[in-house]
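Working notes, structure below.
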2 protein chains.
Amino acid sequence: MLKNTKQRCAIMQVLKQSGDPVSAEDIFAALKDEYPNLALSTIYRNLERFAADGLVKRDVWRDGIVRYSLAQEHHGHYLICTGCSAKIKIEDCPLTGIEQGLAHDTGYEIEGHTLTIYGKCPKCLRRGKTQNQ
Amino acid sequence: MLKNTKQRCAIMQVLKQSGDPVSAEDIFAALKDEYPNLALSTIYRNLERFAADGLVKRDVWRDGIVRYSLAQEHHGHYLICTGCSAKIKIEDCPLTGIEQGLAHDTGYEIEGHTLTIYGKCPKCLRRGKTQNQ
DNA sequence: CTTCTTGCAAATAATTTGCACTCCA
DNA sequence: TGGAGTGCAAATTATTTGCAAGAAG
């Protein structure tokens with residue numbers, strides 16, 4: 001099971017083409033020209049299934065919106081500007097290694113983690129902190 | 001400004017008493033006996049203000065719900081079981097130190113970070129992975 | 001054909017907002 | 001007293017779900 005449908009392929013395409021995590025709405029927007037009657041619910045359902053199957057990684061951003069990215073390319077985390085939302089990918093994950101110790105100490109089987117760092121980028125620093133979130 | 005109201009105190013009390021991050025609904029539930037007509041919107045508004053003033057730290061959990069905790073006690077992150085939601089506080093933050101290097105490399109001013117580790121606790125491991133999410 | 005998928009529309013659930021009223025400073 | 005703060009109800013917004021129709025194996 002997990003049939004090969006046009007919609008499913010298209011969603012995967014978007015995930016592959018965009019290096020960064022994308023929301024359901026992002027995908028919807030990206031595909032609405034080519035698939036005018038693709039339903040948002042289809043996107044949600046597929047993303048959830050992909051995530052359950054371990055194909056994609058599901059993350060909740062600070063803004064409360066869920067973003068998905070291909071499991072393989074995920075890792076690196078992000079440094080996100082709280083002023084302008086500029087993102088920098090952090091290639092080098094500081095947690096590799098730590099998780100093993102943690103598993104040993106707690107008896108948990110570690111499945112993954114969420115790490116995002118927030119700050120102000122140089123441009124926003126210069127402008128002072130006029131804006132909030 | 002930032003007047004001293006009963007509601008505001010009560011919300012702060014809950015934050016202080018609960019070591020763990022709490023959601024608006026948690027606070028609502030905790031206070032509904034003592035303050036039967038406290039409005040959920042009041043809680044949301046105050047938590048947002050507290051967060052804006054740096055009094056509390058705002059975090060989005062994997063389940064999409066926003067939790068708040070006193071800024072001081074925050075740090076420690078959490079190891080959360082994806083089966084039963086059991087939480088273990090991780091006292092020792094692996095990012096201290098790394099942030100400085102990052103600030104130097106990127107020119108960002110680091111404001112904070114979100115780190116949560118997910119896994120299965122020993123009990124849930126034993127039961128096999130019957131449940132999802 | 002039979003089961004997995006989809007599209008649509010309606011349902012949830014968390015959070016936000018408008019507004020008149022209330023209460024601290 | 002005057003503006004900050006509150007309660008209530010209605011509005012938003014992201015996501016989920018039921019169901020009949022459609023497509024893949």
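Quick note on labels: first sequence line is chain A, next is B, and so on, each numbered from 1. Every heavy atom of this structure was used, including side-chain atoms; hydrogens, water molecules and symmetry mates were not. All values derive from a computational prediction rather than experimental measurement.
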Flag the pair Leu70(A) / Leu55(A) as yes when at least one side-chain heavy-atom distance between them is below 4.5 Å, and no otherwise.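 Result no, sub-4.5 Å side-chain heavy-atom pair not found.
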
When you compare the side chain of Leu47(B) with that of Leu15(B), does any pair of heavy atoms fall below 4.5 Å? yes

Rounded off to whole Å, could you give me the [atom1]-to-[atom2] distance for the [X] and [N] pair?
{"X": "Glu48(A)", "N": "dT6(C)", "atom1": "CD", "atom2": "P", "answer": "14 Å"}
{"X": "Trp61(A)", "N": "dT15(C)", "atom1": "CH2", "atom2": "P", "answer": "19 Å"}
{"X": "Ile65(B)", "N": "dT16(C)", "atom1": "CD1", "atom2": "P", "answer": "13 Å"}
{"X": "Arg62(A)", "N": "dA14(D)", "atom1": "CZ", "atom2": "C1'", "answer": "19 Å"}
{"X": "Phe28(A)", "N": "dT6(C)", "atom1": "CZ", "atom2": "P", "answer": "14 Å"}
{"X": "Leu40(B)", "N": "dC8(D)", "atom1": "CG", "atom2": "P", "answer": "11 Å"}

N or O in side chain of Tyr44(A) less than 4.0 angstrom from dT15(D) OP1/OP2: yes

Using a cut-off of strictly less than 4.0 Å, decide whether Arg8(B) has a side-chain nitrogen or oxygen near OP1 or OP2 of dC24(C). no

Could you verify whether a donor N or O on one side chain and an acceptor N or O on the other, from His113(B) and His77(A), lie under 3.5 Å apart?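 Short answer, no.
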
Polar contact flag, side-chain donor to acceptor under 3.5 angstrom, Tyr68(A)-Glu48(A):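 There is such a pair (donor and acceptor under 3.5 Å, judged by atom type) between the side chains of Tyr68(A) and Glu48(A).
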
Each nucleotide in nucleotides 20-25 of chain D should get exactly one letter: B, S or -. Can you fill that in based on protein heavy atoms under 4.0 Å? ----BS

Any sub-3.5 Å donor-acceptor pair from Arg62(B)'s side-chain atoms to Tyr118(B)'s backbone N or O?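 Not a single qualifying donor-acceptor pair exists.
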
If you take all heavy atoms of Phe50(A) and Ile11(A), which pair is closest and at what distance? CE1-CG2, 4.0 Å

For a quick test of reading the model, state the closest non-hydrogen atom pair linking Arg67(B) to Pro21(B) and the distance between them.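 The pair with the smallest heavy-atom distance is CB-CB, 3.6 Å.
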
Between the protein and nucleotides 7-12 of chain C, which nitrogen or oxygen pairs come in under 3.5 angstrom?
from, atom 1, to, atom 2, distance (Å)
dG7(C), OP1, Gln7(A), NE2, 3.2
dG7(C), OP1, Asn37(A), O, 3.3
dG7(C), OP2, Ala39(A), N, 3.1
dG7(C), OP2, Thr42(A), OG1, 2.7
dG7(C), O5', Asn37(A), O, 3.2
dG7(C), N7, Arg45(A), NH2, 3.1
dG7(C), O6, Arg45(A), NH1, 3.4
dG7(C), O6, Arg45(A), NH2, 3.0
dC8(C), N4, Ser41(A), OG, 3.2

Can you establish whether the number of heavy atoms outside Gln100(A) located under 6.0 Å from its atom CD is more than 12?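 Atom CD in Gln100(A) is not packed in, count stays at 12 or less.
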
